[in-house]
Amino acid sequence: MLLASDATSPVPTWDLIADVQDMWSYAFMVNAFRAGLIVAVVCAVVGWFMVLRRQTFAGHTLSVAAFPGASLAVLAGFSTSLGYFGFCTAAALVIAALRRSGSEESAVTGTVQAFALACGYLFISLYKGLLEGPTALLFGSFLGITTGQVVVLAVVGAAVLGVLAVIGRPLLFASVDPEVAAGRGVPVRALGTLFLVLLGAATAEASQITGTLLVFALMVIPAATAQQLTTRPGLGMLLSVAIGLAACWAGLIAAYYRPYPLGFFVTGFSFVAFVLAHLYRFAREAVGRRAPLRTGIAT
């Protein structure tokens, strides 16, 4: 509660060593940085495939599904982590089971999103506790991250990355050219279903840091930023991880010193990186267009 008001928020001394020691003297901040590391890495890798596969709408729907899952957990009095993972995985399986292709897939995804959002508001309306609980579900908070949650995030994150390491190459092939991949015997539909489940797990992890409304801060923006800078898969994933981790940790530091939602800071830093990447790309393309012109004039 010390961080709840602007008047009592910690003040940075700009002595980095002293500030870090002070920040990490609180167990919840140590847990927050550990959770941020896990979530940023998992979301950056999964998000890179999601942006490549043009499934950001599905990712958004799964983030919405995290809202009723967490709110039901608060209402029923059990672990919010269970609510996050349960609802996100269930929504991913429903989308995978009912989707076909093209507009039909979008319609199914939108239907699941609308129903999940309605359920979330129902559970919130039935909740009679403090307002801060639902607000943290929507916009994120580092105050409630426990050691047990960090362990759960680490186990689920390791499982998600392990599965991606196994299916990464065929999934990349199926994402770039699904028709050719299917002709070569790649199980495109099965890979798509499995990826949606992995996306649901990663979304559930991100929701516990950024809140359910701002999952894109770690799931989409770092991956989209990296793909503006390079088309190479390996380098793109590394850049996505670096951007997501920097935004997450910088957001934690900012939220520690200022009494505003963590999700806002994480989203803000990610958005700045995205804009800078676009400016860099525009400048590089402008230089590339001018280079042949100068060569022609010299000739």
Side-chain angles (χ1 to χ4, degrees), residues 40-63 65 88-89 91-113 157 159-206 215-216 218-244 270 273-274 277-278 280-282 284-285 288-289:
V41 172
V42 174
C43 288
V45 177
V46 175
W48 189 89
F49 279 101
M50 181 185 68
V51 173
L52 179 67
R53 293 172 60 84
R54 296 179 176 86
Q55 288 187 305
T56 53
F57 186 35
H60 178 60
T61 296
L62 294 178
S63 70
C88 287
T89 303
L93 290 173
V94 170
I95 294 173
L98 298 180
R99 70 188 177 96
R100 292 295 182 271
S101 61
S103 60
E104 185 176 351
E105 179 177 350
S106 298
V108 169
T109 304
T111 301
V112 172
Q113 179 180 128
V160 170
L161 293 178
V163 174
L164 272 179
V166 173
I167 69 171
R169 290 180 67 85
L171 180 62
L172 179 61
F173 188 13
S175 302
V176 173
D177 197 334
E179 294 182 359
V180 175
R184 295 286 185 88
V186 176
V188 174
R189 183 170 179 81
L191 285 173
T193 300
L194 181 56
F195 177 73
L196 280 174
V197 173
L198 297 179
L199 181 59
T203 302
E205 289 203 335
V215 168
F216 273 20
L218 290 177
M219 185 66 69
V220 176
I221 302 179
T225 303
Q227 292 189 19
Q228 290 295 317
L229 300 175
T230 180
T231 58
R232 298 170 58 185
L235 180 59
M237 290 183 200
L238 288 176
L239 283 175
S240 182
V241 169
I243 294 167
S270 298
F274 182 71
H278 270 276
Y280 170 76
R281 181 178 178 180
F282 292 152
R284 185 178 60 184
E285 291 176 350
R289 286 193 298 267

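Using a 4.5 Å cut-off on side-chain heavy atoms (C-beta onward), F173 and V188 make no contact. Looking at L172 and P233, their side chains come closer than 4.5 Å, going by heavy atoms from C-beta outward. Within the 4.5 Å cutoff, no side-chain heavy atoms of Q55 are placed close to those of T109. Proximity of L164 to F49: side-chain heavy atoms (C-beta onward) are separated by under 4.5 Å at one or more points. No side-chain heavy atom of I243 sits under 4.5 Å from any side-chain heavy atom of S270. Between V112 and L98, the closest side-chain pair of non-hydrogen atoms is not below 4.5 Å.
The CE atom of M237 lies 12.5 Å from the CZ atom of R232; values are rounded to the nearest 0.5 Å. From L198, atom CG reaches atom CD1 of I167 across 5.5 Å, with rounding to the nearest 0.5 Å. Annotation: the span from F282 atom CZ to Q228 atom CD amounts to 7.5 Å, rounded to 0.5 Å.
E179 meets the side-chain hydrogen bond (donor to acceptor under 3.5 Å, both in side chains) test with no other residue; sequence neighbours excluded. In this structure, R184 has no side-chain hydrogen bond (donor to acceptor under 3.5 Å, both in side chains) partners at least two apart in sequence or on a different chain.
A donor-acceptor pair is defined here as one N or O able to donate and one able to accept, closer than 3.5 Å; such a pair exists between the side chain of S63 and the backbone of H60. Judged purely by atom type and a 3.5 angstrom limit, R189 uses its side chain to pair as donor or acceptor with the backbone of A96. Checked by atom type and distance alone, the side chain of T111 pairs as donor or acceptor with a backbone atom of A107 at under 3.5 Å. In this structure, the side chain of Q227 engages the main chain of W48 through a donor-acceptor pair within 3.5 Å.
Around atom CZ of R284, more than 12 heavy atoms belonging to other residues, nucleotides or ligands sit under 6.0 Å away.
Nearest heavy-atom pair, S240 versus A226, reported as atom, atom and distance to 0.1 Å: N-CB, 3.6 Å. Closest heavy-atom contact between C88 and G200: CB-O, 3.3 Å. Considering every non-hydrogen atom in both L191 and L171, the closest pair reads CD1-N, 4.0 Å. For the pair L199 and T203, the tightest heavy-atom approach, listed with the atom from each and the gap, is O-OG1, 2.7 Å. A223 and V51 make their closest contact through CB-CG2, 3.9 Å (heavy atoms, listed as atom of the first residue, atom of the second, distance). The two residues G59 and M50 have their closest heavy-atom pair at CA-SD, 3.8 Å.
In this structure, F274 and H278 have perpendicular ring planes: the angle between them is above 60°, well past the 30° mark.
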